[in-house]
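Presented below is the structure to which this report refers.
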Amino acid sequence: MALLKLKFPFQKRVRLAQGLWLLSWLSMFSGVITFVMGVFLKTELHRRSEVMHNMDIHIVPNLLMAVGLASVGINICASKVCQDSLDPTRFPRWKTFLPPFFIVSVFVTSLLLVAMILSFALQPSLEESLKIGLKNGIRFYKDTDTPGRCFQKETIDRLQIEFQCCGNSNYRDWFEVQWISNRYLDFTSKEVKDRVKSNVDGRYLMDGVPFSCCNPSSPRPCIQNSLRDNAAHYNYEYQTEELNLYSRGCRQALVSYYMGLMNTIGPCVLLFFLLQMSILVSLRYLQTAMEGVLGEENVEIETEGYILEKGVKETLMETKEKMMKFLQFAQVGDASAETQATEPEAEKPATA
């Protein structure tokens, strides 16, 4: 028994074809928008690649770009099918093309849902990637003379200014690393010597932060050094003066930014998915309804359209049988090829 069978008079088929033609072009533009959203997200992720430990999250924009381009091609074909369905003499050439077209189209369209799900499922991976990447970025902040790290300082400073953040988790992360290069330290100074000798690793650690951590909204001029020494500054209490610096860590700021992008893109992707699936379902109805006209003298007769020719269970069983037969045929073909390859060797005469 056919699944979701509907009757289609001639006028209804014409209106369905015309409406689908318009929707196909609309969906083609949605595919372009999907591609543009993927490119934008890819660009934003690439801009911060220096503070990311891995690139797992890039699978989301890659999927969006691939599906967006594929969607453009799918909808161009769908519009052509709708146009030819208005002429029963031109529609038969699509009969063998449409079944595989539907399979590919449903698979590609389903990738939109996969991309949307992955955008939220990969949030912990994104956060962990930023945690490690920012930790390394802060550690290599001083290596302006090291090849491959020359622009690390500029990257971190621009990041902290743009996102109004400081450090990985907070500004205290700068206290744990030497972020001033040795070339700018006077090792004849007693203060520098004492600081270097005060820890096992021989690093110049200080309770200070780079200038990019300073909050311009603070009424007080920025205090970068001796942040935990109340006596070093007049009328200063470090436990209550955190507004002098950005209190938010850059990991939290970046995760919030990227998840904000995902939350904006997600509903658009879901809307495009529903639009594309509705077009494919309607196109399937149009295809099956038009097949009832083939071979008929009166092209204005009423026909029936359906989603599946048989029930879901019967269709799955039939598909499974076809796949098994195809696999068995492929195995037999491989076995015969191997036999033909070994027979000449067996026929060779033995030589003394």
[Y] side chain reached by [X] side chain, heavy atoms, under 4.5 Å:
X: Y246; Y: Y171; answer: no
X: L98; Y: M290; answer: no
X: F101; Y: L283; answer: yes
X: R203; Y: V196; answer: no
X: C150; Y: T144; answer: no
X: K12; Y: P9; answer: yes
X: L64; Y: V39; answer: no
X: K80; Y: I76; answer: no

Which residues pass the ring pair (Phe, Tyr, Trp, His ring centres under 6.0 Å) test with F163, sequence neighbours left out? Y257
Return the set of residues passing ring pair (Phe, Tyr, Trp, His ring centres under 6.0 Å) with Y141 (not counting sequence neighbours), or none when no residue passes. W174
Checking side chain to side chain contact (heavy atoms under 4.5 Å, CB included) for the pair K42/N62: CA distance, chi angles, key distance, verdict? CA-CA 7 Å; K42 181 81 172 179; N62 291 341; 3.1 Å; yes
Pairwise disulfide (SG to SG under 2.5 Å) hits with a residue in residues 250-280, at least two apart: C165-C250
Between [X] and [Y], what is the shortest heavy-atom contact and its length?
X: L275; Y: S30; value: CD2-OG, 4.3 Å
X: S105; Y: L280; value: CB-CD2, 3.6 Å
X: F120; Y: M259; value: CD2-CE, 4.0 Å
X: Q178; Y: L185; value: NE2-CD1, 3.8 Å
X: V51; Y: L159; value: CG1-CD2, 4.4 Å
X: Q224; Y: F211; value: NE2-N, 3.1 Å

Answer yes or no: are there more than 12 heavy-atom neighbours, outside [X] itself, under 6.0 Å from its atom [atom1]?
X: L86; atom1: CG; result: yes
X: F107; atom1: CZ; result: no
X: H58; atom1: NE2; result: yes
X: K142; atom1: NZ; result: yes

Could you tell me whether a side-chain N or O of [X] sits under 3.5 Å from a main-chain N or O of [Y], the two making a donor and an acceptor?
X: Y258; Y: E44; answer: yes
X: D173; Y: N168; answer: yes
X: R195; Y: Y204; answer: no
X: S129; Y: M52; answer: no
X: S71; Y: G68; answer: no
X: H233; Y: N225; answer: yes
X: Y236; Y: R228; answer: no

Polar side chain donor-acceptor pair, [X] to [Y], under 3.5 angstrom:
X: N75; Y: S24; answer: no
X: N244; Y: R220; answer: no
X: R13; Y: T303; answer: yes
X: Q18; Y: R15; answer: no
X: T109; Y: Q276; answer: no

Spell out, yes or no, whether [X] and [Y] are grouped together once hydrophobic residues are joined by side-chain heavy atoms under 4.5 Å, including indirect joins.
X: I161; Y: L254; value: no
X: W21; Y: L23; value: no
X: M116; Y: M65; value: no
X: M277; Y: V269; value: yes
X: I74; Y: L113; value: yes

Can D207 and R172 be counted as an ion pair, charged N to O under 4.0 angstrom?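 No, no charged N to carboxylate O under 4.0 Å.
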Using a strict threshold of under 4.0 Å (side-chain N to carboxylate O), is an ion pair present between E127 and K131?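 Salt bridge between K131 and E127, a charged N being under 4.0 Å from a carboxylate O: no.
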Set of side chain to side chain donor-acceptor pair (under 3.5 Å) partners for R48, sequence neighbours left out: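 Side chain to side chain donor-acceptor pair (under 3.5 Å) check on R48 returns E162.
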In chain order, what residues pass the side chain to side chain donor-acceptor pair (under 3.5 Å) check against K197, with sequence neighbours excluded?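 Per chain and number, K197 pairs via side chain to side chain donor-acceptor pair (under 3.5 Å) with no residue.
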Let me confirm one number: the [atom1]-[atom2] distance from [X] to [Y], rounded to the nearest 0.5 Å.
X: R47; Y: T155; atom1: CZ; atom2: OG1; result: 11.0 Å
X: L45; Y: L261; atom1: CG; atom2: CG; result: 8.0 Å
X: I33; Y: L271; atom1: CD1; atom2: CG; result: 9.5 Å
X: R149; Y: N136; atom1: CZ; atom2: CG; result: 8.5 Å
X: L16; Y: L286; atom1: CG; atom2: CG; result: 5.0 Å
X: R158; Y: S212; atom1: CZ; atom2: OG; result: 11.0 Å

Side chain to side chain contact (heavy atoms under 4.5 Å, CB included) assessment of I59 paired with L122: CA-CA 10 Å; I59 190 175; L122 290 176; 3.6 Å; yes
Name all residues meeting the salt bridge (Lys or Arg N to Asp or Glu O under 4.0 Å) criterion together with D157; count only those two or more places apart in sequence or in a different chain, and write none if there are none. K153
Establish, yes or no, whether a centroid distance under 6.0 Å links the rings of W94 and F97. yes
Does E128 form a side chain to side chain contact (heavy atoms under 4.5 Å, CB included) with S125? I'd like the steps, not just the answer. CA-CA 5 Å; E128 184 64 23; S125 176; 5.8 Å; no
Could you go through F175 and M206, starting from their C-alpha distance and side-chain angles, then the distance that decides it, and tell me whether this counts as side chain to side chain contact (heavy atoms under 4.5 Å, CB included)? CA-CA 6 Å; F175 301 170; M206 55 184 293; over 6 Å; no
